[in-house]
Amino acid sequence: MPRFRIIKRQERLGWRSCFIFLAAILLSLLFSGVMLALRGTPPLEGILILFKGAFGSRWAIEDSLIKAIPIFLCSLGVAMAFRLQIWNIGAEGQFALGAIGATWMALSFPELPQLVLLPLMVGMACVAGGCWGLIPAILRQRLGTNEIIVTLMMNYIAILLLDYLVYGVWKDPTSFGFPMTAEFVPQAIVGKIGSSGVNWGILHCLLLGILFWVFVTFTRTGFELRASGDSVRAARYAGIPYSGLVVLVMVISGALAGWAGFLEASATINRLQPSIMVGYGYTAIVVAWLARLHPLNIAVTSLLLAGLRVGVENLQLDLQVPAAFGGILEGLILMTVLAGGFFVHYRIVSVRQP
Amino acid sequence: MTLEMIIPLLAAAIVAGTPILYATLGEILTEKSGVLNLGVEGIMIVGSLTGFLVAYSSGSPWLAFAAAGLAGGITASLHGLVCLIFQGNQVVSGLALTILGTGFANYFGTSYVGLSAPGFQPYPIPWLADLPILGPILFQHDPLVYLTYLIPPCMWLFLNNSRYGLGIRAVGEYPEAATAAGLSVAVHRWWGIMGGGFLMGLGGAYLSLAYTHLWTNNLTAGRGWIAVALVIFAFWRPGRAVFGAYLFGGIMALQMRLQASGTQLPSSLLLMLPYGLTVVVLVLSSLGRGRTGEPAALGVNIEPAD
């Protein structure tokens, strides 16, 4: 009778591990298809519409790119924290704070020229988002408070703070009671590239991505970061200031998410309103993990998951599939890929009983 | 504040704290076995929906309650599958489960939003309900609240005196030693995960069957995460969890009362209270006696033996 044993792989799988990744994605699509069928949606047609909606037309690709911008920026920060084994689940709140900070500047100084106002908005967004990352970092390093729960609770608080502002002091008196600020003045808006629908935020992503790569690869701090990411204990013995790194990384992480919030308010929505919070901060966690915390992978994966979001919107329009289907997709993909990671390190062989 | 105001507030605190208490006890059981399950929020909301749907179609709240527990156990077993069999990272798997569970419940619940289902009604316990002060606070609730008076002592007995409970603690503290003593780490952890998931599912069902009696999207509203925080606050002890859950229940009840009284404070600021309190409570517990009671092997996977 054949029995199965688990054996640790001796050699690294290298590029072949992408087959495991693909198999995991296919499996999650299969399960998602079952979910569609359970609610009476034809699964094959559904999946097809999902992908066509995501990448099937120029408009779809543009929309995917627009949604990939905030996901990419949040994910870059999240991945950096995860590297240090800091579980920053707070990108959603840091994103909200960034949008709030940027809006504050846009509403306070509408008469400034664009060249002054936009940097001011970026700066305030980064400071606000960075502060939202700094608090859990300090609590963690000083008192050992669990950063997972603190960052998560600060998400709820940030979203309620945003609600408070747009329902109250910042509400546009001419909005017929809708909770939103007045539309930003033209100087406060990051414009679109030429005749396309994509805004200049994509260039911000490119520059920040390169800057991030240079920082991690060529600076001393970047080296310490990578070393600590590989082994926290070894880094401590080597005299690397781990505590300081944690705080720094959380601030940068928050600032990046804040920048994403600025772009979303300024370039995509042109004002602040509650619907700005669609869960990019959580998708960023999924992206960071799927991309194995690697900046270039993060760019590609952000685009893919942004595409899924656009695809789900299409499913909603064409087949009346609830928007929550996106959550099922993301959750399933993350779980199957996580489980698939097992086969990167182990293999299962059947052995015959003597 | 007079006694006439405090008593209803405390009674409301117990009701509002009950779903959190179920979930916190579930997470304590799971974490005692050495598994960190951050999917509480997702498991709870799947329990809420299952409870609601079963009550809606069968009309039997008790059947719905049991079904919600089972659904919670099954959902939690996904976490077991990923972490125990496939050696996935426990933090990431839990987060994925929360995303998945929330998506699942909102997806299948979307056509039921606003509908109501038969649930549990208050059942004053004869004689006890007539006690002065204690009666109205403790004994004029629905049966699911009374159940939570029994679970913590039972759980304490189970974890401290039963063979199986001690086994669960052993694999959570020192899996290698437990293995050497002939205990199966995987089996005990499975029971920790499934049993914990069962309780989390019950907590979710309390929301739809006894608290609101109707289905809305995002019914759990972060209660699962509060439960994760309360486990730390409770130093992994069922008795302290009761205290913590009612503290949060109290804040939620107070916030609702303030809102209903037409205060000048904006509702979004009031709604922040429980989340802010969670941070405060966590900071206080890390200031206190350190993290006594935390299972030593919490969050650590056991590599399969060659």
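Here is how names work: the chains are called A, B, and so on, in the same order as the sequence lines, proteins then strands, and each is numbered from 1. Values in this document were obtained by computation on a predicted structure and should not be read as measured data.
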Taking all heavy atoms of [X] and all of [Y], pick out the closest pair and write down the distance.
X: G88(B); Y: L338(A); result: CA-CG, 4.0 Å
X: A96(B); Y: M335(A); result: CB-CG, 3.5 Å
X: A324(A); Y: G103(B); result: CB-O, 3.4 Å

Could you tell me whether the side chain of F342(A) reaches within less than 4.5 Å of the side chain of I85(B), counting heavy atoms only? no
Pairs of donor and acceptor atoms involving the side chains of residues 84-95 of chain A, under 3.5 Å and at least two apart or interchain, shall be tabulated with distances.
from, atom 1, to, atom 2, distance (Å)
N88(A), OD1, G90(A), N, 2.9
N88(A), OD1, Q94(A), NE2, 3.3
N88(A), ND2, S253(A), OG, 2.8
E92(A), OE1, Y280(A), N, 3.4
E92(A), OE1, G281(A), N, 2.8
E92(A), OE2, G279(A), N, 3.2

Would you please go through residues 156-166 of chain A and name the residues with a non-hydrogen atom below 4.5 Å from one of chain B, in numerical order? Y156(A), I157(A), L160(A), L161(A), D163(A), Y164(A)
When only pairs under 4.5 Å are counted, which of [options] shares the most heavy-atom pairs with chain A?
options: L271(B), V82(B), I99(B), V92(B); value: V92(B)
options: N106(B), T278(B), I226(B), L81(B); value: T278(B)
options: G101(B), G222(B), S267(B), A105(B); value: G222(B)

Measure [X] against the heavy atoms of chain A and call it side chain, backbone, both or neither at under 4.5 Å.
X: T110(B); value: side chain
X: A221(B); value: backbone
X: L95(B); value: side chain
X: V91(B); value: side chain
X: L38(B); value: side chain

Distance, nearest 0.5 Å, that separates [atom1] of [X] from [atom2] of [Y]:
X: F325(A); Y: F104(B); atom1: CZ; atom2: CZ; value: 12.0 Å
X: L277(B); Y: M153(A); atom1: CG; atom2: CE; value: 10.0 Å
X: T98(B); Y: L334(A); atom1: OG1; atom2: CG; value: 11.0 Å
X: T145(A); Y: L287(B); atom1: OG1; atom2: CG; value: 7.0 Å
X: L152(A); Y: Y275(B); atom1: CG; atom2: OH; value: 9.5 Å

Quick one: which residue pairs count as a side chain to side chain donor-acceptor pair (under 3.5 Å) with a foot in residues 315-334 of chain A, not counting sequence neighbours? T283(A)-E330(A)
Side chain / backbone / both / neither for L332(A) at chain B, heavy atoms under 4.5 Å: both
Whatever's closer than 4.5 Å to a heavy atom in chain B on F82(A) counts as neither
Can you establish whether the number of heavy atoms outside R9(A) located under 6.0 Å from its atom CZ is more than 12? yes
R39(A) CZ: over 12 foreign heavy atoms closer than 6.0 Å: yes
Under 3.5 Å: donor-acceptor pair, side chain of Y107(B), backbone of M35(A): yes
Acceptor/donor pairs from residues 132-139 of chain A side chains to any protein atom, 3.5 angstrom cut, sequence neighbours excluded:
from, atom 1, to, atom 2, distance (Å)
W132(A), NE1, M154(A), O, 3.0

